[in-house]
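A quick write-up on the structure given underneath.
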Amino acid sequence: MKQLLPLLIEWYRENKRDLPWRRTKDPYRIWLSEIMLQQTRVEAVKPYYERFLAALPAIKDLAEAEEELILKLWEGLGYYSRVRNMQTAAQQIMKEYGGALPADYEKLRSLKGIGTYTAGAIASIAFGLPHAAVDGNVLRVLSRIFLDAQDIGLEATKKYWKEELENVLTGEIASDVNEGWMEVGATICLPNGEPKCGICPFREYCGAYRQSVIHLYPVKGEKKARTVERLQVVFLTDGKRVALRKRGPGLLANLWELPNGGAEISLPSLLHLWGILDGEITPMRHRKHIFTHVQWDMDCYFVQTKSTEDTPFLWLEPDRITEEYALPSAFRAVWAEGRKKLQ
DNA sequence: AACTCGGGGCC
DNA sequence: GGCCCAGAGTT
């Protein structure tokens with residue numbers, strides 16, 4: 001490992017992409033970028049990152065923000081507990097650290113939403129501390145170079161590589177080494193049999209390349225099959241306003257949704273449960289939405305009613321919903337179709 | 001150690 | 001249709 005680092009650092013300094021969060025050492029901005037980038041691609045993050053910082057430029061602003069606002073700023077990015085945890089952490093930071101992220105790995109690690117990867121990333125990038133940041137990119141690259149057949153999904157594997165790296169890291173190089181391995185993984189050592197070995201600076205040192213077994217690495221365990229849920233989704237309107245409901249804990253926690261229910265009962269029965277007895281039903285397009293572990297098959301309906309009283313909904317004008325209420329992507333297509341019909 | 005938690009872009 | 005992504009929290 002150690003003899004590869006000078007090459008890595010040189011390659012990284014020459015080839016790193018110009019990303020918004022690489023133009024700052026502000027710990028808050030580094031932190032935000034790392035949270036947004038969890039399981040999320042760089043291109044998806046960019047516009048969210050800029051918008052979030054414009055709205056909440058400092059940790060104090062995040063700590064004091066309304067939950068509606070932070071969810072709206074995260075709308076469409078997914079894994080919404082990330083931003084709720086981040087706000088909790090911001091409040092911890094205001095109370096315990098005077099409003100500044102602590103320059104200490106264990107203290108970072110103790111903050112809500114900051115795990116081993118993110119603590120290592122912030123410690124090294126923002127504070128120049130000698131900690132490793134082992135993400136999926138790093139595991140893929142190192143498993144190929146060193147022909148390591150450990151399952152990269154296992155905690156033990158991540159721990160192994162974290163220690164391997166920290167044996168050779170100093171504060172001086174930790175940031176570039178961590179970002180360097182990630183950059184190799186993100187731009188050259190790609191998953192799915194499409195790595196660009198032809199331009200890889202580590203080709204001659206790469207065990208998997210030399211043995212022509214790149215496609216066999218990294219090793220990872222089986223994944224669980226996705227379950228299917230059938231839903232009835234209703235664009236419910238009185239002709240001017242639209243019904244919205246706030247979700248509870250679990251999937252898409254605390255976000256807003258169009259009224260919906262299971263497919264086990266009829267639509268008129270469902271409407272009846274909501275106190276809608278005069279619903280005028282027009283079918284809309286059937287839609288499918290795929291999450292990581294669940295698939296929603298949605299039977300969608302446009303329903304016109306006069307009875308908005310005594311319903312479990314918030315009745316809002318469409319413009320207000322668009323501007324203020326976080327509606328997850330699963331409902332976006334049916335929302336757009338319903339809104340079009342409304343006009 | 002296994003599950004839950006989003007969304008999109010690529011093949 | 002399956003892939004995976006700058007993972008963390010809960011059980």
Side-chain angles (χ1 to χ4, degrees), chain A residues 12 16-17 19-22 29-49 71 74-86 88-89 108-126 132-141 151-159 162 175 177-187 189-195 215 218 220-228 247-255 257 288-296 326-333:
Chain A
Y12 177 64
K16 64 181 180 184
R17 290 167 293 173
L19 303 174
W21 42 90
R22 286 184 177 160
R29 292 178 175 241
I30 302 297
W31 174 31
L32 176 65
S33 73
E34 293 300 341
I35 299 297
M36 285 188 164
L37 286 163
Q38 288 170 5
Q39 300 294 290
T40 309
R41 298 180 188 276
V42 165
E43 289 309 314
V45 165
K46 282 181 181 172
Y48 285 89
Y49 174 81
L71 289 175
W74 215 266
E75 177 187 44
L77 198 54
Y79 287 138
Y80 299 93
S81 64
R82 289 184 291 178
V83 72
R84 287 185 287 104
N85 288 341
M86 204 177 164
T88 301
L108 289 168
R109 181 66 188 77
S110 75
L111 295 168
K112 201 79 169 171
I114 299 185
T116 54
Y117 162 77
T118 305
I122 297 171
S124 60
I125 298 170
V134 179
D135 74 333
N137 288 310
V138 176
L139 289 167
R140 183 173 60 255
V141 174
D151 181 341
I152 62 165
L154 298 180
E155 223 28 68
T157 307
K158 298 173 190 174
K159 187 179 176 199
K162 182 169 167 62
S175 177
V177 169
N178 287 334
E179 287 210 80
W181 284 131
M182 289 191 273
E183 191 76 354
V184 172
T187 63
C189 197
L190 306 174
N192 290 337
E194 281 297 336
H215 60 291
K220 43 178 54 177
E222 312 260 309
K223 56 183 57 174
K224 222 183 104 181
R226 201 158 27 226
T227 58
V228 178
R247 292 177 65 85
L251 187 63
L252 305 171
N254 297 6
L255 275 75
E257 65 180 357
K288 183 186 294 188
H289 186 82
I290 297 173
F291 301 95
T292 302
H293 298 285
V294 190
Q295 170 178 322
W296 281 357
L327 196 69
S329 297
F331 297 102
R332 196 160 63 206

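Keep in mind that the numbers below use all heavy atoms, side chains included, and drop hydrogens, waters and symmetry copies. To find a chain, count down the sequence lines: A is the first, B the second, and so on, and within it residues start at 1.
Between A/T118 and C/dA8, a side-chain N or O to OP1/OP2 separation shorter than 4.0 Å is present. Remark: A/R332 is in phosphate contact with B/dG8, judged by side-chain N or O atoms under 4.0 Å from OP1 or OP2. Proximity of A/T116 to the phosphate of C/dG7: no side-chain N or O atom is located under 4.0 Å from OP1 or OP2. A/K112 has a side-chain polar atom (N or O) that falls below the 4.0 Å cut-off from OP1 or OP2 of C/dT10. When the side-chain nitrogen and oxygen atoms of A/Q38 are compared with OP1 and OP2 of C/dA6, none of them lie within a distance under 4.0 Å. Side-chain N/O atoms of A/R82 include none lying less than 4.0 angstrom from OP1 or OP2 on B/dG6.
When the options A/E34, A/Q38, A/R109 are evaluated for a side-chain hydrogen bond (donor to acceptor under 3.5 Å, both in side chains) with A/T118, the one that passes is A/Q38.
Within the nucleic acid shown, A/L77 comes within 4.0 Å of at least one base atom, counting heavy atoms only.
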Show the distances under 3.5 angstrom between N or O atoms of the protein and N or O atoms of nucleotides 1-5 of chain B.
unit_1, atom_1, unit_2, atom_2, d
B/dT4, OP2, A/K224, NZ, 2.9
B/dC5, OP1, A/L251, N, 3.3
B/dC5, N4, A/H293, NE2, 3.3

Which pairs, protein N/O on one side and nucleotides 9-11 of chain B N/O on the other, fall under 3.5 Å?
none

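A salt bridge links A/R247 with A/E257: the distance from a Lys NZ or Arg NE/NH1/NH2 to an Asp or Glu carboxylate oxygen falls below 4.0 Å.
Residues A/F291 and A/H289 bring their aromatic ring centres within 6.0 Å.
Rounded to whole Å, atom P of C/dG9 lies 12 Å from atom CZ of A/R84.
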